[in-house]
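Computed from a prediction, not measured in an experiment: that's the story for all the values here.
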Amino acid sequence: MCDLVARTGRHQQRYEDGCRLLAGCIPFRYKDVDQTCNGKQQKEVEVLMINSTSGPGLLFPKGGWENDETVEEAAIREAIEEAGVRGELMDFLGFYDFKSKTCQDEFSPDGFCKAALFAMLVSEEMDIWPEQSTRTRHWITVPEAIDQCRHPWMREALVNGFSSWLQNGMCNSNGAATGTGAVTVSGAKVDDD
């Protein structure tokens, strides 16, 4: 049994200018590749996606940003609730606007949403998590994620946000570079130090 319980309902939901505000993340990890380049161990980046409960394709964990939490806390909570992972938010990737029929309500009658997404370096995969009965985890490469991503706005976040962030040199919130060696993203090797 899981001691954590997923939040439900929208009574604490944040809205701005007719948009429902969401928070989420692109969870990732490094996987060592059995090769070296110029004496450095190569690493491949894998991202964690979860199944959609309402149709085909895969998603990144995300959900409502509520009044009693910061956007970072909301992103971390959604990763725990939906994907059963904990980790460090490495960087803010941007805001992504989209429209959703499931988000239509009295405060956002047209279903407009604005999602804040972060890159999260995963440090723990939980054995038990709140939505494990309806969600399955999938560790896949970035090219596989691009192909399997259900929503265009998430694909845009993956390509233009996350992949660009990786290729431009990853930094944590203290400005320190993360990782060592060469990293492979979208089939291309990137030197990250």
Out of curiosity, [X] [atom1] to [Y] [atom2], how far, rounded to the nearest 0.5 Å?
{"X": "I146", "Y": "E156", "atom1": "CD1", "atom2": "CD", "result": "12.5 Å"}
{"X": "R155", "Y": "N160", "atom1": "CZ", "atom2": "CG", "result": "11.5 Å"}
{"X": "L117", "Y": "M154", "atom1": "CG", "atom2": "CE", "result": "7.0 Å"}
{"X": "F92", "Y": "C25", "atom1": "CZ", "atom2": "SG", "result": "13.0 Å"}
{"X": "L158", "Y": "H151", "atom1": "CG", "atom2": "NE2", "result": "14.0 Å"}
{"X": "Y15", "Y": "C113", "atom1": "OH", "atom2": "SG", "result": "8.5 Å"}

**OP:** Go through the steps to decide whether M90 and W165 satisfy the test side-chain contact (heavy atoms from CB on, under 4.5 Å), and finish with yes or no.
**Re:** CA-CA 10 Å; M90 303 302 291; W165 171 73; 3.7 Å; yes
**OP:** Kindly indicate whether the side chain of E72, heavy atoms from C-beta on, has any atom under 4.5 Å from the side chain of F118.
**Re:** yes
**OP:** May I ask you to test the F28-V122 pair for a side-chain heavy-atom distance under 4.5 Å?
**Re:** no
**OP:** Please lay out, stage by stage, how R77 and E69 fare under the test side-chain contact (heavy atoms from CB on, under 4.5 Å).
**Re:** CA-CA 10 Å; R77 176 179 52 77; E69 60 191 350; 2.6 Å; yes
Are any side-chain N or O atoms of [X] and backbone N or O atoms of [Y], one a donor and one an acceptor, separated by less than 3.5 Å?
{"X": "E73", "Y": "T70", "value": "yes"}
{"X": "Q13", "Y": "L21", "value": "yes"}
{"X": "D91", "Y": "A119", "value": "no"}

Can you give me the closest heavy-atom contact between [X] and [Y], atom names plus distance?
{"X": "W129", "Y": "I80", "result": "CB-O, 3.6 Å"}
{"X": "F98", "Y": "L22", "result": "CZ-CD1, 3.3 Å"}
{"X": "M120", "Y": "V85", "result": "SD-CG2, 4.5 Å"}
{"X": "L48", "Y": "P61", "result": "O-CD, 4.4 Å"}
{"X": "G161", "Y": "Y96", "result": "CA-OH, 3.6 Å"}

Subject >> Ion pair check, R29 and E46, cut-off under 4.0 Å >> reply: yes
Subject >> With sequence neighbours excluded, residues passing ring pair (Phe, Tyr, Trp, His ring centres under 6.0 Å) with F60 >> reply: none
Side-chain atoms of residues 135-144: list all donor-acceptor pairs with protein atoms under 3.5 Å, sequence neighbours left out, distances to 0.1 Å.
residue : atom : partner : partner atom : Å
R135    : NE   : E131    : OE1          : 3.2
R135    : NH1  : N51     : O            : 2.8
R135    : NH2  : E82     : OE2          : 3.4
T136    : OG1  : N51     : OD1          : 3.3
T136    : OG1  : H138    : NE2          : 3.1
R137    : NH1  : A83     : O            : 3.1
R137    : NH1  : G84     : O            : 2.9
R137    : NH1  : M126    : O            : 3.2
R137    : NH2  : M126    : O            : 3.1
W139    : NE1  : E125    : OE1          : 3.4
W139    : NE1  : E125    : OE2          : 3.1
T141    : OG1  : E144    : N            : 3.3
T141    : OG1  : E144    : OE1          : 3.2
E144    : OE1  : T141    : N            : 2.8

**OP:** Would you sort out whether E16 and K114 count as a salt bridge (charged side-chain N to carboxylate O under 4.0 Å, His left out), showing the intermediate values?
**Re:** CA-CA 9 Å; E16 180 180 273; K114 184 176 189 176; 3.6 Å; yes
**OP:** Only counting residues at least two apart or in another chain, list the ones meeting side chain to side chain donor-acceptor pair (under 3.5 Å) with S52.
**Re:** S54, R150
**OP:** Take D97 and F112 through the test side-chain contact (heavy atoms from CB on, under 4.5 Å) and record every step on the way to the result.
**Re:** CA-CA 7 Å; D97 298 322; F112 291 118; over 6 Å; no
**OP:** Just do the side-chain contact (heavy atoms from CB on, under 4.5 Å) check on E88 and S123 with the steps written out, would you?
**Re:** CA-CA 7 Å; E88 180 182 356; S123 59; over 6 Å; no
